[in-house]
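Okay, structure first, notes after.
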Amino acid sequence: MGALNLAEWQKLPITLTELCINTTLRCGQSFRWRKADTGVWSLALQNRIISLHQDPQYLYYRSIPPSTLLSPPTPPASHPPSVLEDGPDDTLELLKHYLNVEPDLSKLYAQWSASDANFARRAPDFTGIRILRQPAWEALVGFICSSNNNISRISQMIHKLCSNYGPLLGYLEEVAYHDIPEPRALAGPGVEGKLRELGFGYRARYIAETARMVAEKPEGWLDSLRNPEAPVFGGKMGSAGKWSPSGREGYREAHEELLTLQGVGPKVADCVCLMGLGWGEAVPVDTHVWQIAQRDYKFGKGKHASLTKATYDAVGDKFRSLWGQEAGWAHSVLFTADLRAFSERLVAKKEEVKEEVVVKTEDHAEGGAEIVAEVVERKVKVVKREIKREAEVDEATLVLLEESKRRSKRRRQA
DNA sequence: GATCATCCTGCCAG
DNA sequence: ACTGGCAGGATGA
């Protein structure tokens with residue numbers, strides 16, 4: 001069980017410039033992927049467990065159907081074999097759909113860079129960031145949890161939601177993999193209380209209430225809000241309508257509909273439009289993006305001094321007219337660049353506290369970064385912090401810095 | 001239409 | 001050991 005059976009892995013040729021899973025899977029658009037110590041990413045999706053890892057030329061993938069994962073408490077004869085187990089493996093098609101590999105990212109980056117000098121300046125260190133096509137309901141639940149929250153805690157909450165209410169698909173490396181619970185599963189009485197126990201805070205009511213609302217809508221209501229050009233897996237493609245700087249009509253309608261749900265404001269609605277419904281022009285404006293808009297795009301003064309509803313729309317319109325139909329994709333690149341900058345600012349802050357850590361980053365074979373950190377003492381117990389090749393400091397570095405900080409804290413307490 | 005307090009929790013800094 | 005401030009927002013007044 002422990003070792004990876006390499007024979008099972010298949011590969012898909014794709015460059016890191018076209019897709020970088022280490023960035024894409026943890027830049028805050030999906031909260032269910034788990035990364036093992038081996039560097040392999042795994043997720044329960046569509047009745048199977050998918051695993052991924054990557055090198056500069058290939059994306060390696062593996063799919064395990066539930067029948068091989070669950071030791072059967074149910075007698076095998078009692079249930080007929082599913083189509084999935086018998087039919088041709090559609091995992092490659094599912095993956096290509098989920099990872100949204102169709103759009104030519106290099107071409108898009110070039111296009112955004114040509115029309116925006118700021119994008120051209122920021123983007124080169126953040127290639128391969130792609131908007132996933134995750135299920136709309138999953139996106140909705142995840143982003144309702146995102147208010148006043150951080151990626152780490154959102155992931156923990158979603159994990160608890162799944163392990164308490166979601167269907168168990170199987171085990172991988174001793175870890176249980178659950179899918180997202182259906183709205184119906186969260187619509188019953190007592191859900192809000194339970195979610196509060198699980199640490200959801202005021203978002204517990206939002207989840208329970210929205211689940212009830214969605215469950216009462218006609219079947220397929222949420223997916224009816226999709227971009228017809230980005231149908232559900234296996235669905236038929238339609239036409240998305242005419243482009244305008246405020247977005248296509250279908251996008252605006254979807255956004256408006258989502259606003260009727262509990263705990264869904266403009267920002268969460270845009271997250272769901274972009275990452276759950278396939279509307280590439282949706283631009284979620286959170287505090288980070290608002291800061292970017294002020295710093296680099298002259299917002300924050302005069303008519304748009306604060307982030308009101310009107311300003312929110314103006315920021316989106318500005319980015320849509322600047323970047324075009326896939327503005328939300330470009331926005332995610334700058335957003336992710338800002339996430340990394342956040343870790344740099346944190347470190348810079350530490351310097352003022354007269355602490356310094358030497359952090360070396362080296363290219364890893366898999367395109368990620370292997371980070372080695374050591375703490376050095378100087379002079380009168382003054383520890384300095386320094387970042388080398390700061391362009392490569394990412395969230396992993398932040399995590400590592402926090403770990404070393406905890407370690408030194410423990411040492412001090414001891 | 002814009003502003004503001006409030007909401008849960010976990011984490012950190014003072 | 002305690003406490004105020006804050007984090008990728010939404011809601012109601």
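A, B, ... follow the sequence lines: proteins, then strands. Residue 1 opens every chain.
Counting non-hydrogen atoms under 4.0 angstrom, A/Leu261 reaches the backbone sugars and phosphates but no base. Counting non-hydrogen atoms under 4.0 angstrom, A/Pro266 reaches the backbone sugars and phosphates but no base. Counting any heavy atom pair closer than 4.0 Å across all strands shown, A/Gly28 reaches a base atom. Heavy atoms of A/Val264 sit under 4.0 angstrom from primed sugar atoms or phosphate atoms, though from no base atom.
Taking every heavy atom of residues 196-205 of chain A and every atom of DNA chain B, pairs under 4.0 Å involve A/Arg196, A/Gly199, A/Gly201, A/Tyr202, A/Arg203, by number.
One atom, CD of A/Gln294, and another, P of C/dG8, lie 15 Å apart when rounded to the nearest Å. Rounding to whole angstrom units, CG of residue A/Asn150 and C1' of B/dC12 are separated by 12 Å. Per the geometry, NZ belonging to A/Lys309 stands 12 Å off P belonging to C/dT11, to the nearest Å. Per the geometry, CG belonging to A/Leu339 stands 14 Å off P belonging to C/dA7, to the nearest Å. At whole-Å resolution of the value, CH2 in A/Trp290 and C1' in C/dG9 are 15 Å apart. For the pair A/Phe335 CZ and C/dA7 C1', the computed distance is 12 Å after rounding to whole Å. For the pair A/Asp270 CG and C/dG9 C1', the computed distance is 13 Å after rounding to whole Å. Taking atom CG of residue A/Asp313 and atom P of nucleotide B/dG1, one finds them 11 Å apart after rounding to whole Å.
B/dG1 and C/dG9: their P atoms are spaced 23 Å apart (whole Å). On the P atoms, B/dC8 is 24 Å away from C/dC2, given to the nearest whole Å. Between C/dG8 and B/dA2, the distance separating the two C1' atoms is 23 Å to the nearest Å.
Sequence order on DNA chain C of the closest nucleotides to A/Gln262 and A/Met275 puts A/Met275 first from the 5' end. Toward the 5′ end of DNA chain C lies the nearest nucleotide of A/Asn149, the other residue of the pair A/Leu259 and A/Asn149 mapping further downstream.
Salt-bridge formation is not detected for the pair A/Lys267/A/Asp270: no Lys NZ or Arg NE/NH1/NH2 atom is positioned less than 4.0 Å from an Asp or Glu carboxylate oxygen. A salt bridge is defined here as a Lys NZ or Arg NE, NH1 or NH2 lying under 4.0 Å from an Asp or Glu carboxylate O, and A/Arg252 with A/Glu249 fails to meet this definition. Looking at A/Arg295 and A/Asp338, a side-chain N of the basic residue comes within less than 4.0 Å of a carboxylate O on the acidic one, giving a salt bridge. A salt bridge does not link A/Glu102 with A/Lys96: none of the charged nitrogens is closer than 4.0 Å to a carboxylate oxygen.
In terms of polar N and O atoms assigned as donor or acceptor, the side chain of A/Asn148 comes within less than 3.5 Å of the base of C/dG9 in a complementary pairing.
Counting only heavy atoms from C-beta on, A/Thr308 has its side chain closest to B/dA2 among C/dG9, B/dA2, B/dG10. When distances run from any side-chain atom of A/Lys267 to the nucleotides B/dA2, C/dA10, B/dC8, the shortest one goes to C/dA10. Counting only heavy atoms from C-beta on, A/Val268 has its side chain closest to C/dA10 among C/dA10, B/dC8, C/dG8.
Checking the phosphate oxygens (OP1, OP2) of B/dA2, no side-chain nitrogen or oxygen of A/Ser306 falls inside 4.0 Å. A/Lys303 has a side-chain polar atom (N or O) that falls below the 4.0 Å cut-off from OP1 or OP2 of B/dA2. Considering only side-chain N and O atoms, A/Thr287 lies under 4.0 angstrom from the phosphate OP1 or OP2 of C/dG9.
Taken to the nearest 0.5 Å, the CH2 atom of A/Trp137 stands 9.0 Å off from the CD atom of A/Glu182.
The aromatic rings of A/Tyr60 and A/Tyr58 lie tilted to each other, with the angle between the two planes from 30° to 60°. Aromatic ring orientation, A/His288 versus A/Phe335: tilted (interplanar angle from 30° to 60°).
Across every non-hydrogen atom of A/Tyr251 and A/Ala282, the tightest pair is CE1-CB, 3.5 Å.
The side chain to side chain donor-acceptor pair (under 3.5 Å) pairs that include a residue from residues 216-228 of chain A are A/Asp223-A/Arg226, where partners are two or more places apart or lie in different chains.
For the pair A/Thr24 (side chain) and A/Gly128 (backbone), a donor-acceptor distance under 3.5 Å is present. Under a 3.5 Å cut-off, the side chain of A/His178 and the backbone N or O of A/Ala44 do not form any donor-acceptor pair.
In DNA chain C, the stems built from three or more successive Watson-Crick or G-U pairs (distances below 3.5 Å) are B:3-7 with C:9-13, B:9-14 with C:2-7.
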